[in-house]
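The block underneath contains the structure these notes are about, expressed in structure tokens.
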Amino acid sequence: MSTEIRVRFAPSPTGPLHIGGVRTALYNYLFARKMGGKMLLRIEDTDQNRFVPGAEAYIMDALRWAGIEIDEGQGTGGPHAPYRQSERREIYQREAQRLIDEGKAYYAFDTAEELDAMRQRLEAANAPAAQYNAITRMQMRNSLTLKPEEVKARMDAGDPYVIRLKTPRKEEVRLNDIIRGWVTVHSSAIDDKVLLKSDGLPTYHLANIVDDHLMGITHVIRGEEWLPSAPLHVLLYRYLGWEDTMPQFAHLPLLLKPEGNGKLSKRDADLGGFPIFPLQWTDPNTGQVARGFREDGYLPEATVNFLALLGWNPGTEQELFTMDELIASFDLAQVHKAGARFDIQKAQWFNHQYVKEQPDAVLAPTVQQQAQAAGYDCSLAKAEKIAALLKGRVNFAREIVDEATTIFNAPTHYDEAVTTAKWNADAVKAVTAFHDALVAYEGEFVADTIKHTLSDAVTQAGIKQGKIMQAMRLALTGSGAGPDLMLTMEIIGKDETVRRLEQALATLPKP
RNA sequence: GGCCGAUUCGUCUAGCGGUUAGGACAUCGCCCUUUCACGGCGGUAACACGGGUUCGAUUCCCGUAUCGGUCACCA
């Protein structure tokens, strides 16, 4: 008997993966790695109506981007293939048939209209719950109420039918959730769920139990929205005779709106101006483009770190984690029970932490590309220097170029407040002296030597350096604020520095 | 509405009977810096309410309130 831990991420390919889904996948992955187990990917595409082309590929791309590795499953293969539920229909039909044969499920022929009528009738009668259950099923059209000959006749005639679970009338169903502890539900609250749809495909409830069992899943880690149907799943394991190897459940708290009520939605993302999908997604039907964390400039490491801490924490004060560190400290018992509001500011802070630690050479291509896109001429070497200068100031790599406009452009105007306050006779004298010193200077033009040249020139002119630095900055960049001036000059080069000083002297008002 | 779950600073959270209720984001102030930012230091700020249990409840139990989820031939 194997004790290997096996978990699965089982998304439905109905569109781009929601960021909450990424977190669910992440927790599964962390748990699997932590326990030395396996992470499976299964595609739950049993709803033909909701199938969206490209969604499956998107899911796999998104997981790869996040650094979540799949050990077995769709796209990877493994001993339990196929991992796409639409390709496993015979398996579900076989198990559903077994439930029928054992009297634990039955055929139902009710039409949508009949079901509607039943619910309306029950609601009108103020029934506690309008559901297809132990009581109401005897008034419906199914193999429990119809004569065997009629059931057979209908099936032979090709009448559409579903298979429903014969839920017991009164029975306590208990399950021990790893995160929440014991949860007890009375079977009367569970209705006769459809197990096999009239198109021959299973519903989630049947497919997930059958596959989890067949694939040897030991822990089901999924969103809290499944908690209400978890007792039904326990019942199914029992009826299928698999209760002794039933996986353990862990229901994760949901991601909530940044403000207001309800769970996080696409709409909140649009309103708040932040992504809700890991990768950009273009709807194949409408052509609408939804932004992604990746395209917005979030690093996968930052996104993962942010997501990991949204609902879980290690109990220590550590905030920054590599994937390996997350794996080492992850513990399902430390997952918080309540839903977490989605705070994009925190995500930005995490990104800042990671961007400033990126090697300059890694940032350089992005900077160069952004610079070129903005119409600037920028070598890779220059991009690397700019990255070094500015990466600590930004939340996103793409913002580096925004911060670098004073490097690419000579001033087109000069900040008025700074001009008024700092552009005086001493400033002109100092800028002139520095200009002249630079023209005569023949050595290497780097921050260190520039600093000395500047300092010497200004001192010789009889001026205190501190008094004119703002003016110097104004002359060179047009602004009173910005990154280190010496490094800025090094990057723009001697010729351009000299030229800008001349421009300032010629343009700024004579004090 | 029925059922299930949750409830600590504005937000993410630590806490698992006795703490000056800790950290992080955000915010404010100070320092650093020739400037801005980064960074460092510090401040403001929380146990939903009511009953129990207990020598003692943020912590355990029960109500109430509020929030969330779920009640499909969707997952």
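Reckoned from all heavy atoms, side chains included, excluding hydrogens, waters and symmetry mates. Throughout, a chain's letter reflects where its sequence line sits, starting with A, and its residues are numbered from 1. For clarity, every value in this text was computed on a predicted model and none was experimentally measured.
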Describe, in one word, how the ring planes of Phe293(A) and Tyr298(A) are oriented to each other, choosing from parallel (under 30°), tilted (30 to 60°) and perpendicular (over 60°).
tilted
Salt-bridge present (Arg137(A), Asp192(A); N to O < 4.0 Å):
yes
Rounded distance in Å between the C1' positions of C4(B) and C55(B):
37 Å
Between Arg393(A) and Glu399(A), is there a side-chain N and carboxylate O pair less than 4.0 Å apart?
no
Please give the distance between the P atoms of U19(B) and U70(B) as a whole number of Å.
40 Å
Can you tell me, in whole Å, how much space there is between the C1' of G51(B) and that of C12(B)?
32 Å
Pro483(A) or Arg23(A): which one's nearest nucleotide on RNA chain B is closer to the 5' end?
Arg23(A)
Lys337(A) NZ - G15(B) C1' separation (whole Å):
12 Å
Least distance between heavy atoms, Leu309(A) atom then Asn313(A) atom
CD1-CA, 4.2 Å
So if I define the base as every atom that isn't primed, P, OP1 or OP2, how would nucleotides 20-34 of chain B read as a B/S/- string at a heavy-atom cutoff under 4.0 Å?
--SSBSS-------B
Calculate the interatomic distance between Phe321(A) atom CZ and C12(B) atom C1'; express it in whole Å.
13 Å
Short side-chain N/O contact from Asn313(A) to OP1 or OP2 of U13(B), under 4.0 Å:
no
How long is the line joining NZ of Lys356(A) and C1' of G40(B), in whole Å?
12 Å
Centre of Phe109(A)'s six-membered ring, under 6.0 Å away, within 45 degrees of the axis: is that where NZ or CZ of Arg154(A) sits?
yes
Go along nucleotides 62-75 of chain B 5' to 3' and tag each nucleotide: B for a protein heavy atom under 4.0 Å from its base, S when only backbone or sugar atoms are that close, - otherwise.
-----SSBS-SBBB
Is the distance between the ring centroids of Tyr27(A) and Trp312(A) under 6.0 Å?
no
In whole Å, what separates the C1' atom of G52(B) from that of C25(B)?
38 Å
Aromatic ring centroids of Phe306(A) and Phe342(A) under 6.0 Å?
yes
Salt-bridged, Glu95(A) to Arg88(A), with N to O below 4.0 Å?
no
Is any NZ, NE, NH1 or NH2 atom of the basic residue among Asp212(A) and Arg42(A) found under 4.0 Å from an Asp or Glu carboxylate oxygen of the other?
yes
